[in-house]
Amino acid sequence: MKSLNASSKKDVPSARERLLLTAHRLFYQDGIRATGIDKIILEAQVTKVTFYRHFPSKNDLIRAYLEYRHEHWLTWFSDSLTRHGGNLTALVPVLAEWFEQEDFRGCAFINSLSELGSEHPDIVEITRRHKHDMIDVVKRLLLKPSKQEQLAEVIGLIVDGAIVRAQYERDPCNTLQSVQNAVEKLL
């Protein structure tokens, strides 16, 4: 899988794109609190004036980062599920693909919520929307329409648990096997 941190748009990104891509990489890699604006400005090779012209505050940049991550991650997730068969059995290989990435550091939304959620209700709302949209993607994989909503919710919880567990396990194989077993039992 192509890293979610890579840009594929243009050869020379605009200052705003450089700021967003740099923030995306650093926020995901190091955490939001640990990443200062000065570091983002330095690595994006822009001035403070340019930064504040595009993002009047760090909070504006955080929201833009999460919106960017939401769009790109859901596109990747949906496309990967289709590429791996377009049904629920695709879930484990898709998660394996993500967990095995060198830059895997869990769910950007769970991480952001853990760091800032109580202080920033907008992050709670962005996370809620992200998880809802992820469950909608899972729902489309299910065959029995009458049970789609409940089953997709349970699978969403399994995925979130697997993401957290994959962060602290040395080998994601155990986590992926647990996901496989849980999905088989649900079906």
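Positions are given from 1 along the sequence.
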Here the gap from I123 atom CD1 to S114 atom OG, rounded to the nearest 0.5 Å, amounts to 11.0 Å
Rounded to the nearest 0.5 angstrom, the CD-OG1 distance for E184 and T89 is 10.0 Å
Would a single hydrophobic cluster contain both [Y] and [X], if residues Ile, Leu, Val, Met, Phe, Trp and Tyr are joined by side-chain heavy-atom contacts under 4.5 Å?
X: V92; Y: L157; answer: no
X: I158; Y: L81; answer: yes
X: I163; Y: V154; answer: yes
X: I40; Y: L42; answer: no

With F27 as partner, the option from I62, T22, L66 fulfilling side chain to side chain contact (heavy atoms under 4.5 Å, CB included) is I62
Could you tell me whether the side chain of [Y] reaches within less than 4.5 Å of the side chain of [X], counting heavy atoms only?
X: I135; Y: I155; result: no
X: I110; Y: T127; result: no
X: L61; Y: H54; result: no
X: K131; Y: C107; result: yes
X: L26; Y: I32; result: no

Sorted by chain and residue number, the ring-ring contact (aromatic ring centres under 6.0 Å, His included) partners of H70 (sequence neighbours excluded) come out as H130
Residues two or more places apart in sequence or in another chain: which of them pass side-chain hydrogen bond (donor to acceptor under 3.5 Å, both in side chains) with [X]?
X: T47; result: T50
X: D122; result: R63
X: E100; result: none
X: E153; result: none

Please work out whether the ring planes of [X] and [Y] are parallel, tilted or perpendicular, with thresholds of 30° and 60°.
X: W73; Y: F77; value: parallel
X: F55; Y: F51; value: tilted
X: F104; Y: F99; value: tilted

Trace of the side chain to side chain contact (heavy atoms under 4.5 Å, CB included) decision for Q148 with R140:
CA-CA 8 Å; Q148 279 181 332; R140 292 191 294 263; over 6 Å; no
Side chain to side chain contact (heavy atoms under 4.5 Å, CB included) between H72 and E67, intermediate numbers included: CA-CA 9 Å; H72 285 81; E67 293 295 342; over 6 Å; no
Practice prompt. Go through the steps for V159 and V179 under the test side chain to side chain contact (heavy atoms under 4.5 Å, CB included), then give the verdict.
Written response: CA-CA 8 Å; V159 169; V179 171; 5.8 Å; no
Residues pairing under salt bridge (charged side-chain N to carboxylate O under 4.0 Å, His left out) where one sits in residues 33-52, two or more places apart or in two chains, turn out to be R25-E43, D30-K39, R33-E119, D38-K48
request  = Walk me through it: do L19 and Y65 pass the test side chain to side chain contact (heavy atoms under 4.5 Å, CB included)?
outcome  = CA-CA 10 Å; L19 284 163; Y65 152 67; over 6 Å; no
Is it the case that [X] and [Y] place a side-chain donor and acceptor less than 3.5 Å from each other?
X: S57; Y: D60; answer: yes
X: N111; Y: E115; answer: no
X: S178; Y: R165; answer: yes

query = Has R69 got its NZ or CZ under 6.0 Å from the middle of the six-membered ring of Y28, at an angle within 45 degrees of the ring axis?
reply = yes
